[in-house]
Number of protein chains: 2
Amino acid sequence: MNLTVAEENYIKSIYKLQDGNTVVSTNAIAYELATKPASVTDMAKKLKEKKLIDYEKYQGISLTPEGRKIALQIVRRHRLWECFLVDKLSFSWNEVHEIAEELEHVRSEKLITRLSNFLGNPTTDPHGDPIPDAMGRISKSQPLVSLDKATARRLEVAGVSDQSSSLLEFLNAKGIRLGTQLDIIERYEFDNSVEVKIRNQPAFTLSEQVSKNIMVKSL
Amino acid sequence: MNLTVAEENYIKSIYKLQDGNTVVSTNAIAYELATKPASVTDMAKKLKEKKLIDYEKYQGISLTPEGRKIALQIVRRHRLWECFLVDKLSFSWNEVHEIAEELEHVRSEKLITRLSNFLGNPTTDPHGDPIPDAMGRISKSQPLVSLDKATARRLEVAGVSDQSSSLLEFLNAKGIRLGTQLDIIERYEFDNSVEVKIRNQPAFTLSEQVSKNIMVKSL
DNA sequence: AATATTATTTAGACAAATCTAAATAAAATA
DNA sequence: TATTTTATTTAGATTTGTCTAAATAATATT
């Protein structure tokens with residue numbers, strides 16, 4: 001199966017968004033890839049043709065076993081390169097994502113096998129996320145943590161522990177809701193506040209009080 | 001200057017073919033990139049627009065100083081990755097070209113700077129070819145050697161030391177002439193013969209007697 | 001249930017990179 | 001020099017991945 005970079009990116013996004021057995025919406029993929037829903041529909045037809053996704057008009061998208069296998073290969077490549085950048089080239093964990101995003105598309109079984117070996121066959125990447133093995137086996141991802149304790153850089157809001165309407169109102173005003181993706185820009189130790197950013201919007205700061213109550217999972 | 005992978009590959013080919021100050025022909029580039037002359041003409045217009053090449057209809061192509069600068073960056077990336085693959089991942093020199101061909105298009109100044117450092121800032125790649133430094137400075141390439149002593153994998157025929165017509169006739173029959181590119185497939189120690197391949201043609205073997213008289217330079 | 005809103009798809013267009021076939025220019029040869 | 005051959009360019013088409021605007025389906029709201 002020879003995939004283009006664009007196709008690989010779609011597969012990866014669908015994998016990322018398809019938590020458990022749910023189906024992924026056109027809109028969600030478009031948002032994830034910073035593209036338009038119409039483009040997602042177009043690509044969905046191609047990936048269905050290649051039997052990498054299940055897709056019926058208006059019914060959402062999900063990976064086939066074959067699609068999932070490929071997604072895991074891409075995730076494996078991405079995370080191994082992140083390890084390389086951090087462990088061997090002394091990058092810090094927040095700089096590696098963009099570069100790994102490119103390196104992950106270099107396809108060579110042998111390269112990845114040897115890279116993994118060279119790195120000591122790590123099982124988690126610098127963000128703590130598990131690295132699938134060569135057979136695509138991956139350990140279950142971490143349980144939810146509150147935003148103030150999260151270690152990953154890119155997070156998805158998975159819940160709010162304080163249901164007070166004032167918090168929800170505040171989050172709503174900031175554009176934070178279930179499924180919102182956040183990037184951690186900086187943590188300030190003096191007050192445990194955290195600066196976060198939602199894709200394409202200016203960064204803003206959340207107090208410890210708030211971040212304690214936002215439950216997230218890393219992406 | 002943000003270039004596509006295709007544009008980078010054209011720049012690299014032109015650099016490779018443009019030895020000294022000569023101008024490069026449409027056909028030569030098409031052959032090098034295994035594409036069609038018409039496609040080269042199309043791309044030439046784009047690269048001229050971007051001021052990376054000098055190009056006038058029917059007059060051949062040459063890099064501008066800016067184009068050359070970019071070419072050297074690509075060559076640098078390619079050769080550093082080859083070092084990495086051989087030195088760190090234990091690839092053999094004849095396996096690395098294709099993979100480096102992909103890795104070279106990952107653009108990140110910082111990545112390349114750190115990779116170079118990690119490798120001990122090597123000045124030649126595993127084939128003995130010089131690696132341009134961060135400023136694009138490159139040491140003069142090696143003088144011609146006879147094919148039986150060449151260490152590089154991809155060679156270009158630069159001359160024949162024995163001018164006997166029987167040799168020239170033989171070479172002609174094999175499709176070897178000035179400027180022909182050869183890939184070394186294998187060397188056989190028992191008789192010092194060498195198996196070579198011309199792009200897209202089946203491999204064939206040259207005796208020591210013949211290879212001694214073919215002067216080559218590495219590409 | 002009727003209507004409004006949101007999500008998704010279709011239709012038609014565009015840019016990049018390529019191709020083939022035909023036209024034209026340059027070079028080689030008779 | 002005239003002619004043939006080779007190299008190069010143009011014209012028009014194709015594929016991939018994308019877009020906008022309009023149409024349609026699904027969902028939410030009154």
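Heavy atoms only: backbone and side chains are in, while hydrogens, waters and symmetry mates are out. Each chain gets a letter, A, B and so on, in the order its sequence line appears, and its residues count up from 1.
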Rounded off to whole Å, could you give me the CD-to-C1' distance for the A:Gln59 and C:dA7 pair? 12 Å
Has B:Thr41 got a side-chain N or O lying under 4.0 Å from the OP1 or OP2 atom of D:dT10? no
Once you apply a heavy-atom cut-off of 4.0 Å, does A:Thr26 come out as touching a base, just sugar-phosphate, or nothing? sugar-phosphate
side-chain hydrogen bond (donor to acceptor under 3.5 Å, both in side chains) between B:His105 and B:Asn9, intermediate numbers included: CA-CA 9 Å; B:His105 299 296; B:Asn9 282 332; 3.0 Å; yes
Integer-rounded Å distance: D:dG17 P and A:Tyr10 OH: 9 Å
In whole Å, I'd like the distance from the NZ atom of A:Lys45 to the C1' atom of C:dT8. 11 Å
Shortest non-hydrogen contact between B:Val24 and B:Ile14, atoms and distance: CG2-O, 3.9 Å
Taken to the nearest whole Å, CD/A:Glu8 to P/D:dT16 is 16 Å
side-chain contact (heavy atoms from CB on, under 4.5 Å) with A:Lys50: which residues, sequence neighbours excluded? A:Met1, A:Leu3, A:Glu7, A:Leu52
Here the distance between atom C1' of C:dA13 and atom CG of A:Asp42, to the nearest Å, is 12 Å
Roughly how many Å is it from NZ in B:Lys36 to P in D:dT14, rounded to a whole number? 17 Å
Heavy atoms within less than 4.0 Å of DNA chain D: which residues of residues 47-58 of chain A have one? Give them sorted by number. A:Tyr58
Distance-only, no hydrogens or angles: does the A:Gln18 side chain make a donor-acceptor pair with backbone N or O of A:Leu63 under 3.5 Å? yes
Quick check for you: among C:dA17, C:dT8, D:dT18, whose closest atom lies nearest to any side-chain atom of B:Ala6? C:dA17
For the side chain of B:Thr35, starting at C-beta, report the closest nucleotide among C:dC19, D:dT18, C:dA17. C:dC19
Do NZ/NE/NH1/NH2 and the carboxylate oxygens of A:Arg77 and A:Glu8 come within less than 4.0 Å? yes
When you check the phosphate oxygens OP1 and OP2 of C:dT8, does a side-chain N or O of A:Asn27 lie under 4.0 Å from one of them? yes
Winner on side-chain proximity to B:Glu7, out of D:dT18, C:dT18, C:dA17, is C:dA17
Find the distance A:Leu33:CG to D:dG17:C1' and express it as a whole number of Å. 12 Å
Whole angstrom value for the distance that separates C1' of D:dT9 from CD1 of B:Ile29: 14 Å
Among C:dT18, D:dT8, D:dT20, which is the nearest nucleotide to the side chain of B:Pro37? D:dT8
Among C:dT8, D:dT8, D:dT18, the one nearest A:Met43 by side-chain distance: D:dT18
For the backbone of A:Pro37 and the side chain of A:Thr26, can you confirm whether one donor and one acceptor N or O come within less than 3.5 Å of each other? no
Counting side-chain heavy atoms from CB outward, which of C:dT18, C:dT9, D:dT18 is closest to A:Ser39? D:dT18
Are any of the side-chain nitrogens in B:Glu32 or B:Lys16 under 4.0 Å away from the carboxylate oxygens of its partner? yes
